[in-house]
Protein chains: 2
Amino acid sequence: MDTKTQNRLDAKARIIKAMAHPTRLFIVETLAKHEHCVCELTALIGADVSTVSKHLSILREVGIIDDEKRGSSVYYQLKMPCVMGFFSCVDTVIKANAQGQLKCIR
Amino acid sequence: MDTKTQNRLDAKARIIKAMAHPTRLFIVETLAKHEHCVCELTALIGADVSTVSKHLSILREVGIIDDEKRGSSVYYQLKMPCVMGFFSCVDTVIKANAQGQLKCIR
DNA sequence: TGGCGATTTGGCGATATTGCCAAATAGGAG
DNA sequence: CTCCTATTTGGCAATATCGCCAAATCGCCA
(Lines give C-alpha, C1' and ligand atoms only; values in the text may rest on other atoms or scores of the structure.)
Protein backbone atom coordinates (compact mmCIF):
# COMPACT_ATOMS: atom_id res chain seq x y z
CA MET A 1 0.00 0.00 0.00
CA ASP A 2 1.64 3.26 -1.11
CA THR A 3 1.80 6.39 1.03
CA LYS A 4 -0.82 8.27 -0.96
CA THR A 5 -3.35 5.49 -0.54
CA GLN A 6 -2.43 5.22 3.12
CA ASN A 7 -3.12 8.91 3.71
CA ARG A 8 -6.37 8.82 1.79
CA LEU A 9 -7.60 5.84 3.78
CA ASP A 10 -6.42 7.34 7.08
CA ALA A 11 -8.56 10.40 6.40
CA LYS A 12 -11.51 8.24 5.44
CA ALA A 13 -11.13 6.02 8.50
CA ARG A 14 -10.96 9.04 10.79
CA ILE A 15 -14.37 10.21 9.60
CA ILE A 16 -15.94 6.76 9.75
CA LYS A 17 -14.48 6.18 13.21
CA ALA A 18 -16.17 9.36 14.38
CA MET A 19 -19.52 7.70 13.67
CA ALA A 20 -18.59 4.29 15.06
CA HIS A 21 -20.18 4.77 18.45
CA PRO A 22 -23.81 4.31 19.52
CA THR A 23 -24.04 7.66 21.32
CA ARG A 24 -22.58 9.52 18.37
CA LEU A 25 -24.97 7.74 16.02
CA PHE A 26 -27.80 8.87 18.26
CA ILE A 27 -26.52 12.43 18.09
CA VAL A 28 -26.34 12.34 14.29
CA GLU A 29 -29.83 10.87 13.98
CA THR A 30 -31.22 13.38 16.45
CA LEU A 31 -29.60 16.35 14.75
CA ALA A 32 -30.91 15.08 11.41
CA LYS A 33 -34.37 16.10 12.61
CA HIS A 34 -33.34 19.56 13.77
CA GLU A 35 -30.66 21.37 15.75
CA HIS A 36 -30.28 20.90 19.50
CA CYS A 37 -28.21 22.47 22.24
CA VAL A 38 -25.86 20.42 24.41
CA CYS A 39 -28.23 20.41 27.37
CA GLU A 40 -31.07 19.00 25.28
CA LEU A 41 -28.87 16.28 23.83
CA THR A 42 -27.54 15.48 27.29
CA ALA A 43 -31.07 14.99 28.61
CA LEU A 44 -31.99 12.76 25.66
CA ILE A 45 -28.85 10.64 25.97
CA GLY A 46 -28.72 10.38 29.73
CA ALA A 47 -24.97 10.58 30.20
CA ASP A 48 -22.70 13.13 31.85
CA VAL A 49 -22.61 16.53 30.10
CA SER A 50 -18.86 16.31 29.73
CA THR A 51 -19.21 12.97 27.98
CA VAL A 52 -21.76 14.37 25.55
CA SER A 53 -19.61 17.42 24.94
CA LYS A 54 -16.66 15.24 24.02
CA HIS A 55 -18.75 13.16 21.63
CA LEU A 56 -19.92 16.37 20.00
CA SER A 57 -16.39 17.67 19.62
CA ILE A 58 -15.34 14.42 17.94
CA LEU A 59 -18.11 14.80 15.37
CA ARG A 60 -17.37 18.50 14.87
CA GLU A 61 -13.64 17.85 14.51
CA VAL A 62 -14.22 15.71 11.42
CA GLY A 63 -16.76 18.13 9.94
CA ILE A 64 -19.94 16.10 10.29
CA ILE A 65 -21.68 18.60 12.54
CA ASP A 66 -21.44 22.33 13.14
CA ASP A 67 -21.88 24.43 16.25
CA GLU A 68 -23.25 27.89 16.79
CA LYS A 69 -23.24 29.78 20.05
CA ARG A 70 -26.49 31.61 20.75
CA GLY A 71 -27.10 33.14 24.15
CA SER A 72 -25.58 30.98 26.80
CA SER A 73 -26.16 27.77 24.85
CA VAL A 74 -24.29 26.09 22.01
CA TYR A 75 -26.50 24.70 19.27
CA TYR A 76 -25.31 21.81 17.15
CA GLN A 77 -26.61 20.97 13.71
CA LEU A 78 -25.95 18.29 11.09
CA LYS A 79 -23.60 19.73 8.49
CA MET A 80 -23.40 16.64 6.28
CA PRO A 81 -26.89 15.18 5.84
CA CYS A 82 -25.53 12.59 3.39
CA VAL A 83 -24.44 10.49 6.36
CA MET A 84 -28.08 9.53 6.77
CA GLY A 85 -28.02 7.80 3.38
CA PHE A 86 -24.79 6.27 4.50
CA PHE A 87 -26.73 4.55 7.30
CA SER A 88 -29.28 2.92 5.03
CA CYS A 89 -26.57 0.60 3.78
CA VAL A 90 -25.74 -0.36 7.34
CA ASP A 91 -29.39 -1.24 7.88
CA THR A 92 -29.24 -3.36 4.74
CA VAL A 93 -26.32 -5.27 6.20
CA ILE A 94 -28.19 -5.82 9.47
CA LYS A 95 -31.23 -7.07 7.58
CA ALA A 96 -29.13 -9.39 5.44
CA ASN A 97 -27.53 -10.83 8.55
CA ALA A 98 -30.91 -11.46 10.13
CA GLN A 99 -32.13 -13.27 7.03
CA GLY A 100 -28.96 -15.34 6.99
CA GLN A 101 -29.68 -16.37 10.57
CA LEU A 102 -33.23 -17.34 9.67
CA LYS A 103 -32.01 -19.52 6.83
CA CYS A 104 -29.80 -21.43 9.28
CA ILE A 105 -32.68 -22.10 11.65
CA ARG A 106 -35.09 -23.23 8.97
CA MET B 1 -32.30 6.79 25.25
CA ASP B 2 -34.50 3.69 25.62
CA THR B 3 -33.19 0.12 25.47
CA LYS B 4 -34.58 -0.58 22.02
CA THR B 5 -32.84 2.44 20.54
CA GLN B 6 -29.69 1.50 22.41
CA ASN B 7 -29.67 -2.01 20.89
CA ARG B 8 -30.41 -0.73 17.43
CA LEU B 9 -27.58 1.77 17.61
CA ASP B 10 -25.18 -0.76 19.12
CA ALA B 11 -25.74 -3.04 16.15
CA LYS B 12 -25.27 -0.16 13.74
CA ALA B 13 -22.12 1.02 15.50
CA ARG B 14 -20.64 -2.47 15.43
CA ILE B 15 -20.89 -2.57 11.65
CA ILE B 16 -19.56 0.93 11.16
CA LYS B 17 -16.72 0.25 13.57
CA ALA B 18 -15.72 -2.72 11.45
CA MET B 19 -14.99 -0.31 8.61
CA ALA B 20 -13.31 2.34 10.75
CA HIS B 21 -9.76 1.28 10.01
CA PRO B 22 -7.52 2.17 7.05
CA THR B 23 -6.44 -1.41 6.40
CA ARG B 24 -10.01 -2.67 6.47
CA LEU B 25 -11.08 0.13 4.13
CA PHE B 26 -8.34 -0.97 1.79
CA ILE B 27 -9.61 -4.55 1.96
CA VAL B 28 -13.18 -3.47 1.17
CA GLU B 29 -12.07 -1.28 -1.73
CA THR B 30 -9.85 -4.05 -3.09
CA LEU B 31 -12.54 -6.70 -2.83
CA ALA B 32 -14.96 -4.35 -4.55
CA LYS B 33 -12.96 -4.93 -7.74
CA HIS B 34 -12.90 -8.71 -7.42
CA GLU B 35 -12.29 -11.50 -4.90
CA HIS B 36 -8.83 -12.13 -3.46
CA CYS B 37 -7.24 -14.78 -1.28
CA VAL B 38 -5.58 -13.92 2.02
CA CYS B 39 -2.09 -14.24 0.59
CA GLU B 40 -2.85 -11.77 -2.21
CA LEU B 41 -4.31 -9.24 0.22
CA THR B 42 -1.38 -9.69 2.56
CA ALA B 43 1.05 -8.89 -0.26
CA LEU B 44 -0.93 -5.81 -1.26
CA ILE B 45 -1.22 -4.52 2.30
CA GLY B 46 2.29 -5.31 3.47
CA ALA B 47 1.46 -6.40 7.03
CA ASP B 48 1.77 -9.70 8.84
CA VAL B 49 -0.52 -12.46 7.55
CA SER B 50 -2.00 -12.90 10.99
CA THR B 51 -2.87 -9.21 11.14
CA VAL B 52 -4.60 -9.36 7.77
CA SER B 53 -6.43 -12.51 8.77
CA LYS B 54 -7.78 -10.78 11.86
CA HIS B 55 -8.93 -7.76 9.88
CA LEU B 56 -10.72 -10.10 7.50
CA SER B 57 -12.44 -11.92 10.33
CA ILE B 58 -13.68 -8.62 11.75
CA LEU B 59 -15.27 -7.72 8.42
CA ARG B 60 -16.70 -11.21 7.97
CA GLU B 61 -18.10 -11.26 11.49
CA VAL B 62 -20.36 -8.29 10.76
CA GLY B 63 -21.39 -9.65 7.37
CA ILE B 64 -19.66 -7.21 5.05
CA ILE B 65 -17.51 -9.83 3.33
CA ASP B 66 -17.79 -13.55 2.69
CA ASP B 67 -15.18 -16.27 2.51
CA GLU B 68 -14.95 -19.41 0.43
CA LYS B 69 -12.30 -22.08 0.76
CA ARG B 70 -11.00 -23.34 -2.57
CA GLY B 71 -7.97 -25.62 -2.68
CA SER B 72 -5.56 -24.57 0.00
CA SER B 73 -6.56 -20.90 -0.14
CA VAL B 74 -9.43 -18.92 1.30
CA TYR B 75 -10.98 -16.42 -1.07
CA TYR B 76 -12.76 -13.36 0.28
CA GLN B 77 -15.37 -11.37 -1.58
CA LEU B 78 -17.45 -8.28 -0.92
CA LYS B 79 -20.91 -9.40 0.22
CA MET B 80 -22.41 -5.91 0.67
CA PRO B 81 -21.43 -3.73 -2.29
CA CYS B 82 -23.60 -0.91 -0.95
CA VAL B 83 -20.78 0.04 1.40
CA MET B 84 -19.05 1.58 -1.59
CA GLY B 85 -21.86 4.11 -1.95
CA PHE B 86 -21.54 4.59 1.75
CA PHE B 87 -17.99 5.82 1.14
CA SER B 88 -18.95 8.49 -1.36
CA CYS B 89 -20.50 10.49 1.46
CA VAL B 90 -17.27 10.26 3.40
CA ASP B 91 -15.44 11.67 0.39
CA THR B 92 -17.99 14.48 0.30
CA VAL B 93 -17.16 15.31 3.91
CA ILE B 94 -13.43 15.33 3.16
CA LYS B 95 -13.97 17.62 0.18
CA ALA B 96 -16.16 19.97 2.21
CA ASN B 97 -13.49 20.15 4.90
CA ALA B 98 -10.82 21.00 2.33
CA GLN B 99 -12.97 23.78 0.90
CA GLY B 100 -13.58 25.10 4.37
CA GLN B 101 -9.83 25.25 4.90
CA LEU B 102 -9.36 27.12 1.64
CA LYS B 103 -11.93 29.70 2.65
CA CYS B 104 -9.97 30.40 5.83
CA ILE B 105 -6.73 30.97 3.95
CA ARG B 106 -8.22 33.23 1.31
C1' DT C 1 -19.02 43.29 39.44
C1' DG C 2 -20.35 38.81 41.47
C1' DG C 3 -22.75 34.79 40.76
C1' DC C 4 -25.22 31.38 37.95
C1' DG C 5 -26.17 28.19 34.22
C1' DA C 6 -24.11 26.13 30.08
C1' DT C 7 -20.20 24.17 28.11
C1' DT C 8 -15.48 22.65 27.58
C1' DT C 9 -11.13 20.78 29.20
C1' DG C 10 -7.89 17.97 32.16
C1' DG C 11 -7.17 13.84 34.15
C1' DC C 12 -7.80 9.13 35.67
C1' DG C 13 -9.03 4.23 35.80
C1' DA C 14 -11.27 0.75 33.06
C1' DT C 15 -11.70 -1.33 28.80
C1' DA C 16 -10.90 -2.15 23.80
C1' DT C 17 -8.03 -2.17 19.70
C1' DT C 18 -3.90 -3.07 17.13
C1' DG C 19 0.00 -5.58 15.25
C1' DC C 20 3.47 -8.69 15.89
C1' DC C 21 5.36 -13.39 17.09
C1' DA C 22 4.71 -18.15 17.98
C1' DA C 23 1.95 -22.06 17.78
C1' DA C 24 -2.02 -24.67 16.09
C1' DT C 25 -4.75 -26.21 12.17
C1' DA C 26 -5.95 -27.65 7.48
C1' DG C 27 -5.06 -29.37 2.81
C1' DG C 28 -2.38 -30.74 -1.02
C1' DA C 29 1.90 -32.65 -3.23
C1' DG C 30 5.39 -35.80 -3.30
C1' DC D 1 2.88 -40.60 5.82
C1' DT D 2 5.60 -36.26 5.75
C1' DC D 3 6.67 -31.85 4.29
C1' DC D 4 5.10 -27.54 2.76
C1' DT D 5 2.01 -23.74 2.09
C1' DA D 6 -2.03 -21.11 3.50
C1' DT D 7 -4.65 -19.59 7.18
C1' DT D 8 -6.31 -19.01 11.87
C1' DT D 9 -5.78 -18.57 16.84
C1' DG D 10 -3.52 -17.36 21.37
C1' DG D 11 -1.04 -14.20 23.72
C1' DC D 12 1.31 -10.01 24.77
C1' DA D 13 2.82 -5.16 24.87
C1' DA D 14 1.73 -0.65 23.09
C1' DT D 15 -1.72 2.46 22.23
C1' DA D 16 -6.39 4.43 21.91
C1' DT D 17 -11.09 4.99 23.52
C1' DC D 18 -14.65 5.76 27.02
C1' DG D 19 -17.15 7.83 30.84
C1' DC D 20 -17.00 9.97 34.96
C1' DC D 21 -15.46 13.73 38.30
C1' DA D 22 -13.37 18.06 39.14
C1' DA D 23 -11.91 22.31 37.55
C1' DA D 24 -11.68 25.99 34.16
C1' DT D 25 -14.33 29.08 30.77
C1' DC D 26 -17.77 31.84 29.02
C1' DG D 27 -21.90 34.75 28.75
C1' DC D 28 -25.78 36.69 31.07
C1' DC D 29 -28.13 39.08 34.37
C1' DA D 30 -29.16 41.06 38.68
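Here is the naming used below: chain letters follow the sequence lines, and residue numbers restart at 1 for every chain.
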Could you pull out all donor-acceptor pairs under 3.5 Å where a side-chain atom in residues 15-34 of chain B meets a protein atom, sequence neighbours excluded?
from   : atom 1 : to     : atom 2 : distance (Å)
H21(B) : ND1    : T23(B) : N      : 3.0
R24(B) : NE     : A18(B) : O      : 2.6
R24(B) : NH1    : H55(B) : ND1    : 3.0
R24(B) : NH2    : K17(B) : O      : 3.4
E29(B) : OE1    : R8(A)  : NH2    : 2.9
E29(B) : OE2    : R8(A)  : NH1    : 3.2
E29(B) : OE2    : K12(A) : NZ     : 3.1
T30(B) : OG1    : F26(B) : O      : 2.7

Side-chain N,O (Y75(A)) to OP1/OP2 (dT7(C)) below 4.0 Å: no
Test side chain to side chain donor-acceptor pair (under 3.5 Å) applied to D67(A) - qualifying residues, sequence neighbours left out: R60(A)
Ignoring hydrogens and angles, tell me if any N or O in the side chain of N97(B) forms a donor-acceptor pair with the backbone of V62(A) under 3.5 Å. yes
Can you list the steps and then say if L78(B) with V83(B) is a side-chain contact (heavy atoms from CB on, under 4.5 Å)? CA-CA 9 Å; L78(B) 189 58; V83(B) 297; 4.2 Å; yes
Identify whether any heavy atom of S73(A) sits under 4.0 Å from a base atom; if not, whether one sits that close to sugar-phosphate; answer base, sugar-phosphate or nothing. sugar-phosphate
Applying side chain to side chain donor-acceptor pair (under 3.5 Å), can you list everything that pairs with T92(B), at least two apart in sequence or on another chain? none
Tell me whether the OP1 or OP2 atom of dG19(C) has a side-chain N or O from H55(B) closer than 4.0 Å. yes
Taking distance alone, no hydrogens or angles, what donor-acceptor pairs closer than 3.5 Å link side-chain atoms of residues 37-49 of chain A to residues at least two apart or in another chain?
from   : atom 1 : to     : atom 2 : distance (Å)
E40(A) : OE1    : H36(A) : ND1    : 3.1
E40(A) : OE1    : C37(A) : N      : 3.0
T42(A) : OG1    : V38(A) : O      : 2.8
D48(A) : OD2    : S50(A) : N      : 2.9
D48(A) : OD2    : S50(A) : OG     : 2.7

With distance as the sole criterion, is a donor-acceptor pair present between the side chains of D91(A) and S88(A) under 3.5 Å? no
Atom pairs under 3.5 Å: protein N/O with N/O of nucleotides 25-30 of chain C:
none

Nucleic acid contacts - residues 7-40 of chain A versus DNA chain D, non-hydrogen atoms under 4.0 Å: K17(A), H21(A), R24(A)
Quick one: bend of the helix from dT1(C)-dA30(D) to dG30(C)-dC1(D) from 5 pairs per end, to 10°? 10°
Got a sec, which residues hit disulfide bond (SG atoms under 2.5 Å apart) with C89(B), two or more places apart in sequence or on another chain? C82(A)
Listing request: all ring pair (Phe, Tyr, Trp, His ring centres under 6.0 Å) pairs with a residue in residues 74-94 of chain B, at least two apart in sequence or in separate chains. F86(A)-F86(B)
Would you mind classifying the nucleic acid contact of S53(A) as base, sugar-phosphate or nothing, using non-hydrogen atoms under 4.0 angstrom? base
Nearest heavy-atom contact between G63(A) and M80(A) is O-CG, 3.5 Å
Footprint ends on DNA chain D, 5' to 3', for atoms under 4.0 angstrom from a heavy atom of chain B, come out as dA6(D) to dG11(D)
Please list, for nucleotides 10-14 of chain C, all pairs of protein and nucleotide N/O atoms separated by less than 3.5 Å.
from    : atom 1 : to     : atom 2 : distance (Å)
dG10(C) : O6     : K54(A) : NZ     : 3.1
dG11(C) : O6     : K54(A) : NZ     : 2.3

Identify, with sequence neighbours excluded, every residue that meets side chain to side chain donor-acceptor pair (under 3.5 Å) alongside S57(B). none
